[in-house]
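Along the sequence shown, residues are numbered consecutively beginning with 1. Worth saying up front: this structure is predicted, and the values here are computed from it rather than measured.
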Amino acid sequence: MAEVYFKKNMVLEFLCSVIRYARDEEFDKKQNESNYKKYREIDYWVKSVDSSISRFLKREIRILFKWFGINPMVLTSIIINNNINKIDEFFSFIDKISGEEYIKILYMELCIEYPLMEEGLKEKLEAMYDEDEVKFISETIYNPEEALYRIRYALKNFYYKFFKAKEEIAEDYINKKMTEHQEKFLELEDRFTKAVIAMDKKTLDKYEEASFYISYFLESGAYALEFIKNHISIVYGFNMEYRFDNAIIEEKKKLLFKVLADEKRVEILKLISKRTWYGNELAKHLGITTATLSYHISRLIDIGVVHFEEGENNRFYYKCDTERLKEIFEYALKDIIG
């Protein structure tokens, strides 16, 4: 059984603020298509950043942290595996790390043996990512020093111009939520893990230790699963708690038909109810991009009918929660016919 700890790391929180700004359109889309409401204070902050950020820095942030997800993965690994808790330690680390060392971590996050010949690398990447993502990752691998230069520039400028002034507010809020979520987890273990990180307690208990890093800026997203031997680390937004709020659960049942009105989501459920599927494998089978698949999966996770299950190479596979799906259908039927 996993020992579960709720933690705070303000370097991870800074990275979450960058991701939150870069991916604001995703939060808008989520709000428009469900009953989720963005947190007002964070929404104001995003708008404030957007009104004053330079075009150059905005472009760099979007390229490095929105359109392609590999840099957040590598930087999260650096922060967690090196136990970096202070921003000056983080900047010192990325100033000193070489391009080759950065790429070795990237290979590790991709579960690819280092080094790999160009053709073999391309084949591996194409099995996991869309064409544009393969191009971006390849450019990073073949031009690591330039990639690192851009990452250092973007992160340092964003920290001093936009995050530092909000750091204390974010830290206070995380401290409050750590206590609340610890209590909620003890009360509703399986329901909590399924709602917050789309993983059942049985899967979580395969690890000896689990660290839940709560984020203020990430708000309603979960972006990282990091593994160190028998230890799993999860970074998630504080407002993922909306998924296990009783009133929201009732609303989810009413959203069932709206979510399943999309034929592609119905097809996804049919496939993952028969066996587990890895993300890129499922996207290729459906003839859609991994980004489009992630969007559909997030809607299904929101109503509680999909969760993750561990598979090969520390990868997580999508699985249909058939019992939950039956429960929601039965509720909907009862609501219709009385």
Side-chain angles (χ1 to χ4, degrees), residues 26 67-74 76-77 105-114 116 119-138 140-141 193-207 210 221-236 259 262-322 324-325:
E26 295 175 22
W67 294 324
F68 307 100
I70 192 63
N71 287 318
M73 287 171 57
V74 174
T76 298
S77 176
I105 299 170
L106 185 152
Y107 270 71
M108 181 182 70
E109 290 301 307
L110 295 174
C111 300
I112 296 176
E113 185 180 347
Y114 180 89
L116 195 63
E119 283 305 311
L121 175 63
K122 184 179 179 182
E123 183 180 343
K124 286 275 190 181
L125 292 177
E126 287 177 345
M128 294 186 289
Y129 293 100
D130 301 331
E131 183 181 351
D132 287 342
E133 291 174 306
V134 170
K135 287 179 181 177
F136 179 81
I137 294 170
S138 298
T140 302
I141 289 171
T193 54
K194 281 185 178 180
V196 172
I197 58 170
M199 181 189 296
D200 60 25
K201 186 62 166 55
K202 184 179 177 181
T203 299
L204 189 68
D205 282 339
K206 291 180 181 179
Y207 300 91
Y223 86 91
L225 295 168
E226 183 67 26
F227 310 94
I228 310 173
K229 295 182 180 178
N230 291 318
H231 182 184
I232 183 172
S233 297
I234 302 104
V235 184
Y236 74 97
V259 171
D262 189 297
E263 291 181 7
K264 199 62 76 176
R265 290 175 201 150
V266 175
E267 191 175 353
I268 289 169
L269 282 179
K270 284 179 180 178
L271 290 168
I272 65 176
S273 65
K274 293 179 175 65
R275 69 172 176 89
T276 57
W277 288 71
Y278 178 55
N280 196 68
E281 173 196 24
L282 184 56
K284 285 185 179 296
H285 181 85
L286 294 168
I288 60 177
T289 65
T290 53
T292 299
L293 175 67
S294 295
Y295 168 68
H296 288 309
I297 288 288
S298 69
R299 296 303 312 279
L300 293 168
I301 288 174
D302 276 342
I303 62 170
V305 297
V306 171
H307 62 260
F308 298 109
E309 187 174 276
E310 187 184 12
E312 298 175 356
N313 298 320
N314 284 336
R315 289 176 176 168
F316 280 86
Y317 291 71
Y318 300 125
K319 181 179 181 180
C320 178
D321 189 333
T322 52
R324 177 70 172 154
L325 186 59

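Remark: L282 CG to Y318 OH distance equals 7.5 Å, nearest 0.5 Å. Within the model, atoms CD1 of I268 and CG of L293 stand 5.0 Å from one another, a figure rounded to the nearest 0.5 Å. Rounding to the nearest 0.5 Å gives a distance of 12.0 Å between CE of M73 and CD1 of I105. Taken to the nearest 0.5 Å, the CD atom of E267 stands 10.0 Å off from the NE2 atom of H296. Atom CG in L204 sits 6.0 Å away from atom CD1 in I234 (nearest 0.5 Å). If you take CD1 on I112 and OH on Y107, they are separated by 6.5 Å, rounding to the nearest 0.5 Å.
Side-chain N or O atoms of R265 include one that pairs as donor or acceptor with a backbone N or O of V259 at under 3.5 Å. One N or O on the side chain of S273 and one on the backbone of K270 form a donor-acceptor pair closer than 3.5 Å. Although no hydrogens or angles enter the test, the distance criterion places a donor-acceptor pair under 3.5 Å between the side chain of T76 and the main chain of P72.
For the pair H307 and D321, the minimum side-chain heavy-atom distance is below 4.5 Å. Proximity of L286 to L271: side-chain heavy atoms (C-beta onward) are separated by under 4.5 Å at one or more points.
Annotation for M108 and S77: closest pair CE-OG, 3.5 Å, computed over non-hydrogen atoms.
Heavy-atom neighbours of K264 NZ from other residues, nucleotides or ligands within 6.0 Å: above the threshold of 12.
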Can W277 and K319 be said to form a side chain to side chain contact (heavy atoms under 4.5 Å, CB included), step by step? CA-CA 7 Å; W277 288 71; K319 181 179 181 180; over 6 Å; no
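Of the listed residues (L110, D132, N71, L121), just one forms a side-chain contact (heavy atoms from CB on, under 4.5 Å) with I137, and that residue is L110.
Note: Y317 and Y278 have tilted aromatic rings, judged against thresholds of 30 and 60 degrees for the angle between ring planes.
With sequence neighbours left out, E281 forms a salt bridge (Lys or Arg N to Asp or Glu O under 4.0 Å) with R275.
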